[in-house]
Amino acid sequence: MNILILGGGGREHALAWAIQQNPKCDRLIVAPGNAGIAEIAECATLDIEDGSAVAGFAEENAIGFVVIGPEAPLAAGVADDLRASGIAVFGPDGAAARLETSKAFTKQVCDARGVPTAAWARFDAPAPAREYIRAHGAPIVVKADGLAAGKGVIVAMDTDTALAAIDDMFAGEFGTAGAAVVIEEFMHGEEASFFVLCDGENVLPIGTAQDHKRVGEGDTGPNTGGMGAYSPAPVMTDAVVERAMAQIIRPTVAELAKRGTPYRGVLYAGLMIRDGQPRLVEYNVRFGDPECQVLMMRLGAQALDLLLACAEGRLGDARVNWADDHAMTVVMAARGYPGPYRKGTEIRGLEALSEDSSHMVFHAGTRVVDGTITANGGRVLNVTARGASLQEARDSAYEMLARIDWPEGFYRRDIGWRAL
Ligand code: AMP
Ligand code: GLY
């Protein structure tokens, strides 16, 4: 079968790496891809947010299955167009993708089924929002309602910060995403990510992870897209997973089916766990990046069978073969990230690393210039390893990192510290 993956980050490199190991995969094309992906698949230029362009490309290239990596094409309804053209696709329709594109939509779905989550209110004008903040006090969380590339959330530890966030959002800091604002109760606890495949009806858990969002060691400094991740998340015990399935995932999937917009794809639940009780922080409608990298390293080639079963409504019969393993990924970023950083600096030493089913450098933002690999983004490499224990996975990942020669890059040395 010929397969097309949409996206060009570390998440898509990991998806491509797992998928091309499966004998069912004949030709693999990734659009747009990156320098690492180009070593294992064909890269193509394509407007991945244009559904009819993607469907046309898929037909021309006899593509039997499309895997959508990032949220933007999902929000743009690319999965709808592919399904309408009769092409098997992994990823939800635009209507179901609202679980990520509108925080208020998610809250309404939760309320309809009593899903445990933070108390909330939605405002489309600043005055009542300010009043609500004064009445509830801090800590409190202010969120732009729409997609804001992971930046539209202000966790305010004092009232002034929350009030300032209201002013910024209604002044257009997050564009149309901030035209409406959701204000939430601050939840205490430990965060973890839970990944579940849904085929509209059946649900299949495929792993847990924890990431580090802050740029600095000890989880300090500004927020990023994620500086590292590991799987499984120790806080996601069997009992917590069971509660999350019964109280959060199944009710959400049932509510979307009832509304006539069944959820098909991976549902990524951000959870806050306190005293063994999970509550929903947010949903994403795609794999996390870099969480996908550790999930794919643990699943390997079976990932394709699972994604296909999901797309074809066969999850009821699907099973995950778990090895009792652990994986960690450490992000190498360009100095300055998440602020301004340089592009085009040369990365050396990658060829000398031996890559296998337990050691991989996934490329997040790279480009080949005159035969050398150069940095082409903020988060640039995801150095990923697997082991019998988290400590073993960590040690392997950091051994690889020490051999990468990229003076303009940096990484956190404490990924996994909470779990270790
Ligand atoms: P989100 O984009 O909704 O996941 O929010 C980004 C981050 O803000 C989350 O990963 C949490 O660390 C934090 N956060 C969001 N909502 C809450 C909440 N209600 N209580 C505590 N922390 C939150
Ligand atoms: N690593 C967080 C995300 O993908 O949203």
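As the structure lists them, so they are numbered: ligands from 1, and atoms in each ligand from 1. This chain uses plain numbering: 1 for the first residue, then up along the sequence.
A donor-acceptor contact shorter than 3.5 Å links the side chain of H13 to the backbone of H363.
Results of the side chain to side chain contact (heavy atoms under 4.5 Å, CB included) test with F194 over I206, L280, V241, V240 single out V241 as the only residue that passes. With respect to E255, the salt bridge (Lys or Arg N to Asp or Glu O under 4.0 Å) criterion is satisfied by exactly one of R250, R113, R98: R113. When S193, P290, S231, P232 are each tested for a side chain to side chain contact (heavy atoms under 4.5 Å, CB included) with L295, only one passes: S231.
Using a 30° and 60° split on the angle between ring planes, Y411 and Y398 fall in the tilted class, from 30° to 60°.
In this structure, K103 counts as a contact residue of ligand 1, since one of its heavy atoms falls inside 4.0 Å of the ligand.
Closest to atom 20 (N) of ligand 1 by heavy atom, among E282, E100, K213, M187, is M187. The nearest non-hydrogen atom to atom 10 (O) of ligand 1, considering only M272, R214, E191, comes from E191.
Considering both main-chain and side-chain atoms, E291 comes within under 3.5 Å of ligand 2 through a nitrogen or oxygen pair. Of the polar atoms of F287, none of the N or O atoms is found under 3.5 Å from an N or O of ligand 2, judged by distance alone. In terms of polar-atom proximity, V141 is not counted as a contact of ligand 1, lacking any N or O under 3.5 Å from an N or O of the ligand.
The proximity of E185 to ligand 1, defined as any non-hydrogen pair under 4.0 Å, is limited to the backbone. No part of R11 comes within 4.0 Å of ligand 2, judged by heavy-atom distances. With a 4.0 Å cut-off on non-hydrogen atoms, N223 does not touch ligand 1 at all.
Counting atoms of ligand 2 from 1 in the listed order, those under 4.0 Å from a heavy atom of G288 are 4 (O). Of all atoms in ligand 2, listed by their number and element, those nearer than 4.0 Å to a heavy atom of R286 are 3 (C), 4 (O), 5 (O). Those atoms of ligand 2 with a heavy atom of D211 less than 4.0 angstrom away are 1 (N), 2 (C). Near A118, with a cut-off below 4.0 Å to any heavy atom, the atoms of ligand 1 are 19 (N). Of all atoms in ligand 2, numbered sequentially from 1 with element shown, those under 4.0 Å from a heavy atom of G225 are 1 (N), 2 (C). For ligand 1, the atoms closer than 4.0 angstrom to any heavy atom of K143 are 3 (O), 15 (C), 16 (N). Near F186, meaning under 4.0 Å from any of its heavy atoms, are these atoms of ligand 1: 20 (N), 21 (C).
Ranking protein heavy atoms by distance to atom 2 (C) of ligand 2, first place goes to Y268 OH, 3.4 Å.
Ionic pairing of K143 and D145 is not present here: no N-O contact between side-chain nitrogen and carboxylate oxygen is shorter than 4.0 angstrom.
Side-chain atoms of N22 and D305 include a donor-acceptor pair closer than 3.5 Å. Checking Q210 against Y230 by side-chain atom types alone, a donor-acceptor pair falls below 3.5 Å.
Here the two rings, on Y132 and F123, have centers that are under 6.0 Å apart.
E71 is not listed as a side-chain neighbour of T101, based on a closest heavy-atom distance of 4.5 Å or more. Using a 4.5 Å cut-off on side-chain heavy atoms (C-beta onward), N376 and N34 make no contact.
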